[in-house]
Amino acid sequence: MGGKAVTANSRYLYVGMSQGAGSGKPGEDYPPKGTIWYCIRRYNLSGQQAPFSGGRGWDKSMAIVNTSSPVTGLAATDNEVYVSDKASNRIIVYDANSMNQLRSFSFSRPGHIAIDRQKNLWIVQQKENSSSAAILRYSPQGQQLSEKITNVVEPSAIALDNQGRLLVADNGPRQQILIYNITGSPSQVGTFGIERGVYAGTPGQIGDLKLYGITGVGTDAQGNIYVANDGFNNAGADLRKFSPNGTLQWRLLGLCFLDTADTDPASDGRDVFTKEEHYVMDYDKPNGQQWTYADYTVNAIKYPQDPRLNTTATAVFFRRVQGRPLMYLTGMYNSWMQIYRFAQNSEGWTAIPSGMFVGTPADPNKPFFTQGNWPPNQPKSGEWIWRDANGNGAFDPGEYDTSKDDVYIGGWWVDSRGDVWKNLRTSGKGIPIVR
């Protein structure tokens, strides 16, 4: 499975990833059932696995870092690979060729890493609970230096450009790349991308310089800038290349995974919605060229309790009720349904959380719909319905109805009036429908 970090030197590509249990055949090198290796896998620059003595996995190309959490940062010179191991709050240093561990040093909440022209490390200290994020400078041997950056809300990626400046992706409300002169005390000297990103102007509307959910930034020797967007909660890949003056050169999109689509019935098939995206269709064009990615419908900044940030929706019902657009989402196992409204004059095609149906949990020992802090104020047992009575898109006290029903839901349907129908798989005869 994929990971959270990647780096390269002049010989190899190093990828953070996770490896689960294999088939169990004799001689195969896989973790035992119930164990995951969080590791670095090495490739050559043609994309072929590059095994090494002592390497693990079926092709001996993996170095196991831990068995509890992903690698959160990677950087490499031709001699050494620096690895952020958040599980142990350490930076681990490997020989880039033998992949033997050379040394390590302590670093709290380590994230992405960049190496400057003096071969020193700039390491992201991740935001966590009440602890703010920072970017700290360290020597390759692990000595903390005096330089630091503390004015980035959520640094999610970091790189050096061809001028030696530090580029930092701020995945907080700014949704921008911040540019720092790091000769001496760091000072911000510029930005890249429109402030507030995809939420600037018409919220959610896609634009060349409107970034969103930034997961990667990099540059090449000519000063071109590359930005990876992944929306929020792994929405889908949006990779862009820009010239040094900010002109878009190309874009690669991989937006749909376990997804279906539905059309706005008022658009005669022109407007198509998946769980997080709005596409505009032109059926006069050849196959494969008919669609345009128009809007990202999740506003994670304004509506941080949006169920799409905490669940995996897979199926869409788009309806017009009394002329107003509504979107309904459900998941692979049919245990819930979400409802979204739109306020197009002020928020474009942002889908605003408006309601949610949750079935009775099958496991009485786990009565909550989700373990953790989302959604807040949820009932402790039974099925429930949430309705956003005050229109703020948040799960507030007093907005839940509760009851108890059969634990197995066989399917959902939304009719043309916006009524929701629920199919229960009971042990009795027939198929009861709850409206």
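We number each residue from 1, following the sequence as shown. Side-chain atoms are counted along with the backbone in the values below, which use heavy atoms only and exclude waters and symmetry mates.
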Polar side chain donor-acceptor pair, [X] to [Y], under 3.5 angstrom:
| X | Y | result |
| --- | --- | --- |
| R308 | T297 | yes |
| T247 | N245 | yes |
| R41 | S61 | yes |
| Q175 | K210 | no |
| N377 | D396 | no |
| D415 | W421 | yes |
| N79 | T77 | no |
| E347 | Y303 | yes |
| S243 | N224 | no |
| Q338 | T311 | yes |
| W58 | E28 | no |
| Y283 | D268 | no |

Y279/Y293 aromatic ring centres below 6.0 Å
yes
Does E80 come within less than 4.0 Å of K119, counting only side-chain N to carboxylate O?
no
Verdict with reasoning, F357 to W336, per ring pair (Phe, Tyr, Trp, His ring centres under 6.0 Å)
CA-CA 5 Å; F357 297 78; W336 45 261; over 10 Å; no
Axial cation check for Y14 ring with R42, 6.0 Å and 45° limits:
no
Knowing that exactly one of W413, W412, Y328, F273 qualifies, which makes a ring pair (Phe, Tyr, Trp, His ring centres under 6.0 Å) with F317?
W413
Looking only at heavy atoms, what is the nearest atom pair of A114 and L166, with distance?
CB-CD1, 4.3 Å
Taking atom CZ of R270 as the centre, does the number of heavy atoms from other residues, nucleotides or ligands within less than 6.0 Å exceed 12?
no
Quick one: pull up OH in Y38 and CG in N66 and give me the separation to the nearest 0.5 Å.
8.0 Å
Pairwise distance CZ(R341) to CE(M327) - rounded to 0.5 angstrom
13.0 Å
Sequence neighbours excluded, every pair satisfying salt bridge (Lys or Arg N to Asp or Glu O under 4.0 Å) that has a member inside residues 195-207
none
Among D259, D262, D306, find the residue that satisfies the salt bridge (charged side-chain N to carboxylate O under 4.0 Å, His left out) test when tested with K275.
D259
Worked check of side chain to side chain donor-acceptor pair (under 3.5 Å) between S354 and D388
CA-CA 5 Å; S354 183; D388 185 26; 5.6 Å; no
Enumerate the ring pair (Phe, Tyr, Trp, His ring centres under 6.0 Å) contacts for residues 89-123, please, sequence neighbours excluded, ordered by first and then second residue.
F105-Y138, F107-Y138
